[in-house]
Amino acid sequence: MKLGTPKEVFEGEARVAMTPDSARQLQKLGYECLIQTGAGQKAGFSDAAYEEAGVTVVKTAAALWKEADIIAKVREPETVELKRLNSDKTLISFFNPGGNEEGMELAKSKGATVVAMEMVPRISRAQKMDALSSMANIAGYRAVIEAGNNFGRFFTGQITAAGKVPPAKVLVVGAGVAGLAAIGTSTSLGAVTYAFDVRPEVAEQVESMGAEFVYLDFEDEQQDGAATGGYASVQSEEFRNAQLAKFREIAPEIDIVITTALIPNRPAPKLWLEDMVAAMKPGSVIVDLAAERGGNVEGTVADEKIVTDNGVTIIGYTDFASRMAAQSSSLYATNIRHMMADLTPEKDGVVHHNMEDDVIRGATVTHKGEITFPPPPPKVQAIAAKPKETPPELTPEEKRAQEAAAFKAQTKQQVTLLAIGAALIMGIGLIPNMPASFMQHFIVFVLSVFIGFQVIWNVAHSLHTPLMAVTNAISSIIILGALIQIGSGGFLVILLAALSVFMAGINIFGGFLVTRRMLAMFQKS
């Protein structure tokens with residue numbers, strides 16, 4: 001089958017759904033790749049680069065849509081593009097199924113299969129296809145760069161001969177993928193970063209990145225914002241009032257605000273109101289990543305940058321990912337390639353649209369003349385470890401009884417070993433003509449074995465390596481004893497002494513090597 005990527009018709013869109021690298025991977029899946037002339041030019045990919053990768057360059061969009069069996073694009077298709085579909089074609093792109101009923105009906109009437117990349121379920125197996133996260137990551141990073149470009153001071157604090165410069169204070173509202181990317185970029189630039197999210201479980205992530213989580217003085221139990229598949233959910237009116245009160249309190253201190261709050265298929269909630277904008281210092285910057293859905297900030301104008309009467313800049317661009325077209329195209333093309341890998345399990349260049357697969361079913365919005373949106377919940381649940389059954393807590397009397405029983409069992413074992421050892425020594429001592437000096441040494445040997453066994457057996461496994469240094473010294477004593485015996489003259493004694501020197505030498509040199517490696521783990525170099 002042929003997989004083609006047309007040039008994006010949305011005004012200002014610079015991304016492309018196929019790169020030369022992704023085309024090489026798609027060809028390994030058995031597909032023949034097509035690209036429209038100039039489709040990748042704005043993202044820095046020339047037609048020559050595609051041809052070098054084995055991609056056929058098609059002159060017009062009409063010819064590409066006619067020839068390709070699978071069309072991969074970035075932006076939501078326009079009506080003229082949807083009319084080129086038929087029952088033999090598959091379209092993979094962002095589609096906005098929740099707000100594009102007319103487009104779904106048109107795709108249904110054509111009998112085409114449409115895969116919406118923003119509908120990929122957020123489960124572990126599908127992370128490699130999560131185009132929303134890929135683009136949000138870039139948008140969060142770019143938002144900080146845009147803010148810095150419009151902010152008149154350093155992000156990081158400095159002490160110079162010319163004076164002291166305080167660090168910028170950045171507030172990120174919404175700690176999803178875009179928010180975490182913005183937090184990481186802001187902290188790496190040296191700003192004092194704060195973050196807020198309705199999902200309390202993200203506080204640990206925020207703090208691990210060097211930012212401070214903004215908590216609310218809100219006593220009632222708030223709804224878990226992660227209850228809707230990893231996205232934030234609508235909160236109560238009381239929670240919203242507490243949230244706005246906190247924002248009003250910190251607004252005069254904040255230099256840069258980046259808002260990322262969106263709820264799927266709903267207008268963006270208003271979180272930074274006009275009075276908060278008015279309370280900010282002149283020269284402050286607000287970047288509203290939700291501008292495409294109406295914005296989180298009162299006063300945001302989509303695709304424009306405005307300056308308020310009090311000197312606050314509000315940026316409402318909706319093309320942050322497109323402003324980094326080379327990077328975003330590479331990530332999005334990789335998401336498409338992974339989706340095609342799931343659609344082509346046999347790697348034979350033929351799409352097998354398995355509607356029993358959670359990922360494929362979740363992303364499919366039309367198939368075989370039917371609208372399949374919204375999808376059912378994924379059958380595969382998050383894999384969780386089976387909770388350990390904790391034994392009931394013992395009473396003090398039961399604990400004492402348990403310790404006494406363990407002590408009796410241990411004492412019985414030790415007494416048994418000592419009795420066996422004593423019987424063995426007595427048995428050997430009763431052998432006729434047994435030298436008294438041998439019995440003295442043999443008794444010391446048996447006691448040493450018993451004590452050594454008891455000591456080493458009770459040492460935790462993690463401590464055996466540090467004990468190598470001690471065993472090295474013991475092995476040295478063994479070698480000294482063996483060297484004395486080598487000069488005794490008996491063949492058997494000399495052989496045993498030589499074997500003792502050999503094995504003890506291995507223990508010494510090997511022990512020092514292991515100990516050296518262990519100590520190297522604690523060195524910086």
Side-chain angles (χ1 to χ4, degrees), residues 3-6 8-10 13 15-18 65 68-79 81-87 89-123 125-136 139 176-177 228-231 262-266 292-293 318 321-322 328-329 331-344 351-378:
L3 191 153
T5 296
E8 295 295 322
V9 296
F10 188 87
E13 182 56 67
R15 291 172 291 177
V16 63
M18 182 194 299
W65 281 81
D69 303 296
I70 306 152
I71 296 91
K73 63 188 308 298
V74 181
R75 284 279 186 169
E76 177 183 331
E78 297 188 358
T79 303
E81 294 177 309
L82 289 173
K83 288 181 178 179
R84 291 170 174 161
L85 293 173
N86 57 48
S87 58
K89 295 188 184 297
T90 298
L91 172 65
I92 304 176
S93 74
F94 284 109
F95 199 80
N96 185 27
N100 189 16
E101 187 175 348
E102 182 180 348
M104 284 195 296
E105 290 291 344
L106 183 53
K108 171 188 171 182
S109 66
K110 292 291 184 178
T113 297
V114 175
V115 177
M117 290 302 290
E118 68 265 53
M119 291 303 299
V120 171
R122 284 190 166 177
I123 59 178
R125 183 172 69 84
Q127 289 181 356
K128 58 188 177 182
M129 312 171 213
D130 191 352
L132 270 182
S133 293
S134 297
M135 299 302 102
V177 176
T228 54
Y231 295 93
L262 276 176
I263 300 172
N265 302 318
R266 296 176 66 95
E292 196 168 6
R293 293 291 184 88
T318 61
S322 186
S328 54
S329 296
L331 294 180
Y332 183 70
T334 300
N335 295 141
I336 293 285
R337 190 250 299 174
H338 284 301
M339 175 62 74
M340 293 308 304
D342 269 32
L343 288 168
T344 321
V351 168
H352 176 61
H353 204 96
N354 180 15
M355 292 293 279
E356 297 300 318
D357 184 287
D358 279 339
V359 178
I360 295 173
R361 174 64 187 88
T364 303
V365 295
T366 65
H367 183 60
K368 292 184 177 180
E370 297 291 337
I371 294 177
T372 59
F373 175 83

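In what follows, every heavy atom counts, from backbone to side chain, and hydrogens, waters and symmetry copies are set aside.
Heavy atoms only, all atoms of each residue included: Tyr332 and Val16 are closest at CD2-O, 4.5 Å. Nearest heavy atoms, Glu118 versus Pro97: OE2-CD, 3.6 Å. Nearest heavy-atom pair, Leu3 versus Ala72, reported as atom, atom and distance to 0.1 Å: CD2-CB, 4.2 Å. Residues Met135 and Ala321 approach most closely at SD-CB, 4.1 Å, considering heavy atoms. Heavy-atom minimum distance, Gly369 versus Lys108: O-CG, 3.3 Å. Shown here for Pro121 and Pro378, the closest heavy-atom pair between the two residues is CB-CG, 4.2 Å.
Side-chain atoms of Arg266 do not come within 3.5 Å of backbone N or O of Arg293 as any donor-acceptor pair. Here the side chain of Asn86 pairs no donor or acceptor atom with the backbone of Ala112 at under 3.5 angstrom.
Between Arg75 and the choices Glu13, Glu81, Glu8, the salt bridge (charged side-chain N to carboxylate O under 4.0 Å, His left out) rule is met once, by Glu13. Arg125 pairs with exactly one of Asp130, Asp358, Asp357 by the salt bridge (charged side-chain N to carboxylate O under 4.0 Å, His left out) rule, that one being Asp357.
Rounded to the nearest 0.5 Å, atoms CG (Leu82) and CD (Glu76) are 8.5 Å apart. Separating the CG atom in Leu331 from the CD1 atom in Ile336 is a distance of 12.5 Å, to the nearest 0.5 Å. Annotation: the span from Thr366 atom OG1 to Lys110 atom NZ amounts to 12.5 Å, rounded to 0.5 Å. Once rounded to the nearest 0.5 Å, the distance linking CD of Glu102 with OG1 of Thr79 reads 5.5 Å. Here CE of Met129 is found 12.5 Å from OG1 of Thr334. Values are rounded to the nearest 0.5 Å.
Within a 6.0 Å radius of CD in Glu105, other residues, nucleotides and ligands contribute more than 12 heavy atoms.
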Requested in this report: Please step through side-chain hydrogen bond (donor to acceptor under 3.5 Å, both in side chains) for the pair Thr364 and His353, ending with a clear verdict.
Outcome: CA-CA 9 Å; Thr364 303; His353 204 96; 2.8 Å; yes
Worked check of side-chain contact (heavy atoms from CB on, under 4.5 Å) between Leu91 and Trp65: CA-CA 10 Å; Leu91 172 65; Trp65 281 81; 4.1 Å; yes
Open item on the list: Between Met119 and Phe95, is the side-chain contact (heavy atoms from CB on, under 4.5 Å) condition met? List the steps.
Closed with: CA-CA 9 Å; Met119 291 303 299; Phe95 199 80; over 6 Å; no
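Residues Gln127 and Val120 are not in side-chain contact: their nearest non-hydrogen atoms beyond the backbone lie 4.5 Å or more apart.
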